[in-house]
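Notes follow the structure.
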Amino acid sequence: RVPPLARARAFSEGVASRDRGQTGVIRARILRTYAGRGGWYLGSEGEVFEEPMRMLDEFFLSAPERIAHPDPARAVAFAVQIHLQAMADNMIFPETRRRGLRDMDDVELVNELSRSFTAYLLGPEPTAESRPT
């Protein structure tokens, strides 16, 4: 059994390696999309990412620990989406990092994102008092 933090770290390291190895290509695709010229992401993210995202969801849903969310599938999908976006923001566009995070290297980034990922999935369910009204 692989603990969730080890799963999250392996996931983060894989994404970081991919992003670091293809930074220019990924950055160009994102910028082209935001410029409204079409491209790899625009209109195709659901189709392009559906199978890898399904595999990631299954990978995390198969963790032996209980996911502390009333809808584990939604929690995993949400956590994976946020995690991938944070990795892209920090690896592909490092100049957008907040000032206090700019000195983090890839290892530190992977560690922090892995912690936040598992804290969200395995942390205690919010109490009624802590939920927004």
Side-chain angles (χ1 to χ4, degrees):
R1 298 182 347 171
V2 179
L5 185 57
R7 286 174 183 247
R9 186 163 285 120
F11 169 49
S12 300
E13 288 169 351
V15 173
S17 175
R18 182 213 60 189
D19 286 355
R20 192 56 69 216
Q22 300 178 16
T23 301
V25 171
I26 296 170
R27 187 178 178 110
R29 288 175 174 165
I30 292 170
L31 291 172
R32 185 175 45 199
T33 297
Y34 287 133
R37 297 189 195 115
W40 186 59
Y41 286 175
L42 188 61
S44 63
E45 56 269 12
E47 295 151 18
V48 169
F49 293 118
E50 193 164 328
E51 183 61 15
M53 295 297 270
R54 184 192 61 74
M55 291 170 65
L56 283 170
D57 291 351
E58 286 178 6
F59 176 67
F60 287 108
L61 285 168
S62 68
E65 287 76 10
R66 182 176 117 2
I67 294 173
H69 189 284
D71 186 345
R74 174 179 277 180
V76 166
F78 188 76
V80 167
Q81 178 67 36
I82 289 173
H83 194 79
L84 288 172
Q85 187 62 51
M87 288 294 286
D89 288 349
N90 284 277
M91 299 285 295
I92 306 301
F93 298 98
E95 62 276 7
T96 65
R97 284 186 192 180
R98 292 181 59 185
R99 216 174 324 217
L101 303 177
R102 289 184 188 151
D103 64 342
M104 284 194 322
D105 62 22
D106 290 353
V107 172
E108 292 170 312
L109 177 64
V110 163
N111 287 339
E112 293 306 320
L113 286 171
S114 299
R115 283 187 190 107
S116 70
F117 188 85
T118 53
Y120 171 72
L121 289 180
L122 303 176
E125 179 65 19
T127 62
E129 297 81 39
S130 67
R131 291 185 185 138
T133 55

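Residue indices begin at 1 and follow the sequence shown. Below, all heavy atoms of this structure are taken into account, side chains as well, without hydrogens, waters or symmetry copies.
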*asked:* Please say yes or no: joined through hydrophobic side-chain contacts below 4.5 Å, possibly via intermediate residues, are Met91 and Leu101 part of one cluster?
replied: yes
_Could you tell me if the side chain of Arg9 sits less than 4.5 Å from the side chain of Asn111, heavy atoms only?_
yes
*Taking side chain as C-beta onward, heavy atoms only, is Ile67 less than 4.5 Å from Leu61?*
yes
Where [X] and [Y] come nearest, the two heavy atoms and their spacing:
X: Thr23; Y: Ile92; answer: CA-CD1, 4.0 Å
X: Gly123; Y: Ala68; answer: O-CB, 2.7 Å
X: His83; Y: Ser114; answer: CE1-N, 4.0 Å
X: Ser62; Y: Arg7; answer: OG-NH1, 3.1 Å

*Might you confirm whether atom CZ of Arg102 has over 12 heavy atoms from other residues, nucleotides or ligands at distances under 6.0 Å?*
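Result for CZ/Arg102: enclosed.
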*Can you measure from OG (Ser12) to CZ (Arg115) and round to the nearest 0.5 angstrom?*
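That separation rounds to 11.0 Å.
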*Rounded to the nearest 0.5 Å, how far apart are CG of Asn90 and CE of Met104?*
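Between atom CG of Asn90 and atom CE of Met104 there are 5.5 Å.
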*asked:* Checking Phe59 now: which residues fulfil ring pair (Phe, Tyr, Trp, His ring centres under 6.0 Å) with it, not counting sequence neighbours?
replied: none
_Set of ring pair (Phe, Tyr, Trp, His ring centres under 6.0 Å) partners for Phe60, sequence neighbours left out_ =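 Phe60 satisfies ring pair (Phe, Tyr, Trp, His ring centres under 6.0 Å) with Phe11, Phe117 once adjacent residues are dropped.
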_Gln81 side chain vs Phe78 backbone, donor-acceptor pair below 3.5 Å_ = no
_Keeping Ser17 on the side-chain end and Glu13 on the backbone end, is there a donor-acceptor pair under 3.5 Å?_
no
*Which residues satisfy the side-chain contact (heavy atoms from CB on, under 4.5 Å) test with Ala6, sequence neighbours excluded?*
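With neighbours one apart ignored, the set is Val2, Pro3.
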*Who passes side-chain contact (heavy atoms from CB on, under 4.5 Å) against Gln22, sequence neighbours left out?*
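Partners of Gln22 under the side-chain contact (heavy atoms from CB on, under 4.5 Å) test: Arg18, Ile26.
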_salt bridge (Lys or Arg N to Asp or Glu O under 4.0 Å) partners of Asp89, counting only residues at least two apart_ =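 For Asp89, no residue satisfies salt bridge (Lys or Arg N to Asp or Glu O under 4.0 Å) once neighbours in sequence are set aside.
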*Return the set of residues passing salt bridge (Lys or Arg N to Asp or Glu O under 4.0 Å) with Glu58 (not counting sequence neighbours), or none when no residue passes.*
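Testing Glu58 for salt bridge (Lys or Arg N to Asp or Glu O under 4.0 Å), a comparison that skips the adjacent residues, returns Arg54.
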